[in-house]
Amino acid sequence: MSLRANRPGVAPPLAAASRGVLHAPADILALVTSTSPWSPSAGAALALAAAWSAHVTGCFVDPSLLALRGRDEEPSVLALLLEATPEAEDVADAFDELARRCGVRRATWVRTETGLARTMHRLGAWHDLIVLDQGIVQGDGSSELLGEALLGCRKPCLVLPPQWGGALAFERVALAWNGSLEATRAIHVALPFLRQAREVVVVDGAVPAAEDEAEVEPGFDPIGYLEQHDIVARRRRIHVSPHEAGDALLHEATRMEAQLLVMGAYGRSRLREKVLGGATRRILQQTTLPVLMQH
């Protein structure tokens with residue numbers, strides 16, 4: 001699947017072959033920190049929406065508010081959306097025009113006055129996919145803030161690498177598999193992307209269970225599951241320590257020239273899942289391709 005931009009941040013709809021995608025998101029949320037030029041997340045979300053006939057909510061997140069944490073403020077759900085100002089109305093009109101140029105018929109523009117994690121948690125309640133730029137948070141503590149947002153929203157997140165040019169291509173997809181529930185969920189939510197791919201590789205780093213370990217619940221086989229959905233995938237096993245997992249995934253994705261990496265998002269805090277695990281952080285810091293994450 002390829003979505004190519006005519007200009008930065010703007011991508012045209014896919015051909016008719018993309019219609020009928022299994023479990024395609026009906027509502028996509030794009031987190032935007034810049035409107036001139038548009039954040040890459042806006043163009044990517046609109047390109048996906050055009051392909052899947054989805055609705056897009058473009059949400060402006062004021063960079064000065066991104067670092068708000070937890071209960072620093074207590075807005076209601078409706079108060080999350082700022083009252084429109086003349087300037088905001090101009091931006092809303094510009095977003096509508098951008099959506100029309102991308103072939104999207106249903107688009108909404110909103111603003112939030114709360115932090116990134118709370119915005120994703122609340123607005124994610126009525127969206128199926130969140131699109132954001134990896135560099136949406138800058139400065140000290142950025143990894144922790146981004147981790148809290150990604151892990152707390154409980155929604156699939158398409159994270160674009162820094163300086164993304166506005167073109168998406170999902171013809172070759174790498175799936176990270178380690179036997180966890182997070183990895184299982186990630187493969188499930190990736191079905192709309194995988195249905196359009198020409199090559200799917202399951203990068204298998206799972207530790208085989210001992211022969212004497214009783215199976216107490218049905219297991220999940222990613223290859224078999226994908227076959228049930230008419231997706232042909234091949235398995236590539238890797239043997240690395242958890243400390244090396246991030247680098248190994250990036251190496252495999254680069255080796256196969258993957259255009260999308262799918263993986264579970266992991267936390268390392270037992271008391272509060274807000275700090276990214278080592279492999280997840282490494283991927284986000286070093287990746288040069290879009291990453292679809294699901295906690």
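Every heavy atom of this structure was used, including side-chain atoms; hydrogens, water molecules and symmetry mates were not.
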* Stepwise salt bridge (charged side-chain N to carboxylate O under 4.0 Å, His left out) check, Asp247 with Arg282 -> CA-CA 7 Å; Asp247 287 332; Arg282 183 67 171 173; 2.6 Å; yes

* **Verdict with reasoning, His55 to Thr108, per side-chain contact (heavy atoms from CB on, under 4.5 Å)** => CA-CA 8 Å; His55 171 270; Thr108 303; 2.8 Å; yes

Does a side-chain heavy-atom distance below 4.5 Å link [X] with [Y]?
X: Val32; Y: Trp38; answer: yes
X: Leu129; Y: Leu29; answer: no
X: Thr119; Y: Leu31; answer: yes
X: Lys155; Y: Val189; answer: no
X: Pro290; Y: Leu261; answer: no
X: Val159; Y: Leu284; answer: yes
X: Val56; Y: Leu48; answer: no
X: Ile231; Y: Val200; answer: yes

Return the minimal non-hydrogen interatomic distance between [X] and [Y], and the atom names on each side.
X: Leu292; Y: Pro156; answer: CD1-CB, 4.4 Å
X: Gln285; Y: Gln134; answer: CA-NE2, 4.4 Å
X: Leu160; Y: Trp164; answer: CD1-CD1, 3.9 Å
X: Ala99; Y: Ala107; answer: CB-CB, 3.7 Å
X: Ala186; Y: Gly264; answer: CB-N, 3.8 Å
X: Ile28; Y: Ala45; answer: CG2-CB, 3.9 Å

Distance from [X] atom [atom1] to [Y] atom [atom2], nearest 0.5 Å?
X: Asp62; Y: Arg111; atom1: CG; atom2: CZ; result: 6.5 Å
X: Arg118; Y: Arg122; atom1: CZ; atom2: CZ; result: 4.5 Å
X: Glu97; Y: Asp93; atom1: CD; atom2: CG; result: 9.5 Å
X: Leu194; Y: Asp230; atom1: CG; atom2: CG; result: 12.5 Å
X: Met256; Y: Glu199; atom1: CE; atom2: CD; result: 4.5 Å
X: His229; Y: Glu227; atom1: NE2; atom2: CD; result: 11.5 Å

Would you say [X]'s side chain and [Y]'s backbone share a donor-acceptor pair under 3.5 angstrom?
X: Gln259; Y: Glu171; value: yes
X: Ser53; Y: Ala49; value: no
X: His188; Y: Thr184; value: no
X: Asn178; Y: Ser180; value: yes
X: Ser39; Y: Ser34; value: yes
X: Arg172; Y: Glu257; value: yes
X: Asp27; Y: Asp128; value: no
X: Arg154; Y: His121; value: no

* Test Gln196 against Phe170 for side-chain contact (heavy atoms from CB on, under 4.5 Å), laying out the working first. => CA-CA 7 Å; Gln196 306 304 309; Phe170 303 136; 5.8 Å; no

* **In one Ile/Leu/Val/Met/Phe/Trp/Tyr side-chain cluster, 4.5 Å: Leu132, Trp126** => yes

* Between Phe95 and Trp109, what is the ring plane arrangement, given parallel below 30°, perpendicular above 60°, and tilted in between? -> tilted

* For the residue pair Phe220 and Trp177, categorise the inter-ring angle as parallel (less than 30°), tilted (30 to 60°) or perpendicular (more than 60°). => tilted

* To do: Evaluate the criterion side-chain contact (heavy atoms from CB on, under 4.5 Å) for residue pair Leu150 and Met293; output intermediate values, then yes/no.
  => CA-CA 8 Å; Leu150 290 173; Met293 291 187 162; 4.2 Å; yes

* May I ask you to say whether Asp221 pairs ionically with Arg235, meaning some side-chain N is under 4.0 Å from a carboxylate O? => yes

* Asked: Should Ile187 and Tyr225 be marked as a side-chain contact (heavy atoms from CB on, under 4.5 Å) after you check the CA-CA gap, both sets of side-chain angles, and the distance that decides it?
  -> CA-CA 9 Å; Ile187 291 175; Tyr225 174 76; 4.1 Å; yes

